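A short write-up of the structure that comes next.
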Number of protein chains: 2
Amino acid sequence: MSKAELKKVSDTKITKFVKKGEAIFSEGEKLNGVYCVRDGVSKLSKLSPNGKDQIVKLATQGAVLGQRSVIAQETSNLSAVAVKDMEVCFIPKDIIEETLSSNPDFAVEVLRHMAHDLKEADDVIVNMSQKTVKQRVAEAFIYLRDNFGEDKEGYLSLTLSREDIANVVGTATESAIRIISDFKKLGLIKTSGKMIGIYDEKRLIEMAKGH
Amino acid sequence: MSKAELKKVSDTKITKFVKKGEAIFSEGEKLNGVYCVRDGVSKLSKLSPNGKDQIVKLATQGAVLGQRSVIAQETSNLSAVAVKDMEVCFIPKDIIEETLSSNPDFAVEVLRHMAHDLKEADDVIVNMSQKTVKQRVAEAFIYLRDNFGEDKEGYLSLTLSREDIANVVGTATESAIRIISDFKKLGLIKTSGKMIGIYDEKRLIEMAKGH
DNA sequence: CAGGAAAACTGACAATTGTCATGTTTTGAC
DNA sequence: GTCAAAACATGACAATTGTCAGTTTTCCTG
């Protein structure tokens, strides 16, 4: 992006704070721009016909929410809700569209990013369809550690509710809870309240691979 | 694309015929360009660690294979194998990259397309994680009819092996076969050899929705 | 800090799905 | 046409997962 363009963006951007549990936008909503995540974490989920909310992605610092819908000129196919207090900045879609069509480098940049997302989505599809719930839960913890880190005591920095964990994994809340209990009994993880920590990484990774 | 660009593309493109069962490229392969599907159908699949091949997408006329990998400058994350004799034309990646960075409209066009694919991938994730195998099989038949049509006798124009159907749905081959038998007994579909036809669309759609 | 709501947890059971074993049919090469 | 290999099909059973019902714990609000 040129300096002039950068300036225009920073002039028009609006910073917004979103508390944990609050929505940034909802499925089916028409978006007038995109939201850059400066801080915090958002879950991107889609309501399934049976009433459950499948979490498709967790977005953190650097992610751009709503990009897909704005580019495709469609309403959002996902809901975005904060799972950790957030700071986001809004960029109107006019700016995006203008920059896209005037600046090929920007377009290619966005394209690369979207190509990456698409690959990740493919991976999720394979995991969902070919791995057991137990494997997916194990994988989820490793993913959470790798992407959001852990505190000094070894607990995952991003604490999700059991229901959210179940919705990431795509299973019933009770099943997720049961598997968490099992993992704890097996000494793979430790828990403290709703916080979860990885205790035996090696064996947890084994579990994710299927024994 | 300008006329000069179009000319360059049509000068460099190489038409190739791929027989049913043959691969266009494989997972992990480095691609030197993309393949436009002129005719036929390809399955795009990914090997899961347990040895099963999950079909992520079926691509037909108009689809561009390898686009994601070429844009992201990565090796392919999927394998492409013909499930119906194909005619594809190859476009070297240099041409793609050059056109992308010189022609914003082309980039935006590709971007829109990829945004659409991403939405579809999200939908697949939700289906995989929230629907039963029975629902997914029913949905698969409706999808096959809507996207590939049916012949005069009402059989799906695209005939997949039972194994491929299982791999689309993400289940064991035996489970897929059993469900196909059940659907037939229930009068939802009809079969003739490996061909499958939709017999009672309304009830099949009900089944896809969950009873 | 009391009380109520929400979240976490557990048990019992049913439904779904996968696996293995085996038989049947179809297909394709010769 | 024949024969072997592959694909299709079914049964029996085990493993996984979901559902419902109920208890305990945690969290939040006044």
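Proteins get letters first, then strands, A, B, ... in listed order; numbering begins at 1 in each. Quick caveat, the model's predicted, so the values are computed rather than measured.
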Would you give the length of the straight line joining atom [atom1] of [X] to atom [atom2] of [Y], rounded to the nearest 0.5 angstrom?
X	Y	atom1	atom2	result
A:Arg112	A:His116	CZ	NE2	13.0 Å
A:Asp94	A:Thr99	CG	OG1	10.0 Å
B:Asp182	B:Lys134	CG	NZ	5.5 Å

Open item on the list: Base, sugar-phosphate or nothing for B:Thr173? Non-hydrogen atoms, less than 4.0 Å.
Closed with: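 The residue B:Thr173 makes no contact with any strand.
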- [ ] Give one of base, sugar-phosphate or nothing for A:Ser175, where a contact means two heavy atoms less than 4.0 Å apart.
- [x]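 Contact class for A:Ser175: base.
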TODO: Map B:Arg178 and A:Lys134 onto DNA chain D by nearest heavy atom, then report which one ends up closer to the 5' terminus.
DONE: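 Counting from the 5' end, the first nearest nucleotide belongs to B:Arg178.
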Minimum-distance pair of heavy atoms, taken over all atoms of [X] and [Y]:
X	Y	value
A:Met86	A:Val41	SD-O, 3.5 Å
B:Gly170	B:Met128	N-CE, 4.5 Å
B:Val70	B:Gly33	CG2-O, 3.6 Å

- [ ] Take the protein atom NZ of B:Lys184 and the nucleotide atom P of D:dC8, then report the distance between them rounded to whole Å.
- [x]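 From B:Lys184 NZ to D:dC8 P: 13 Å.
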Task: Atom CZ of B:Phe148: over 12 foreign heavy atoms under 6.0 Å - done: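 Yes, CZ of B:Phe148 has more than 12 neighbouring heavy atoms, counting only those of other groups under 6.0 Å.
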TODO: Output yes when at least one side-chain N/O atom of A:Lys52 is less than 4.0 Å from OP1 or OP2 of D:dT19, else no.
DONE: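 Checking A:Lys52 against D:dT19: at least one side-chain N or O falls below 4.0 Å of OP1 or OP2.
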TODO: Assess whether side-chain contact (heavy atoms from CB on, under 4.5 Å) is satisfied between A:Leu160 and A:Asn167, documenting all intermediate values.
DONE: CA-CA 10 Å; A:Leu160 295 176; A:Asn167 290 345; over 6 Å; no
Open item on the list: Reading DNA chain C from 5' to 3', where do the contacts with chain B start and stop? Cut-off is 4.0 Å to heavy atoms.
Closed with: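 On DNA chain C, the outermost contacted nucleotides are C:dT17 to C:dC20.
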Sidechain-backbone polar pair: [X] side chain, [Y] backbone, donor-acceptor under 3.5 Å:
X	Y	value
A:Arg162	A:Ile177	no
A:Ser79	A:Leu44	no
B:Gln61	B:Arg38	yes

Open item on the list: Please give me every residue in residues 158-168 of chain A whose heavy atoms get under 4.0 Å of an atom in DNA chain C, ordered by residue number.
Closed with: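 Under 4.0 Å from DNA chain C: A:Ser161, A:Arg162, A:Glu163.
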TODO: Give the B/S/- string for nucleotides 21-30 of chain D, one per nucleotide from 5' to 3', where a protein heavy atom under 4.0 Å of the base yields B, of only the sugar-phosphate yields S, and otherwise -.
DONE: ----------
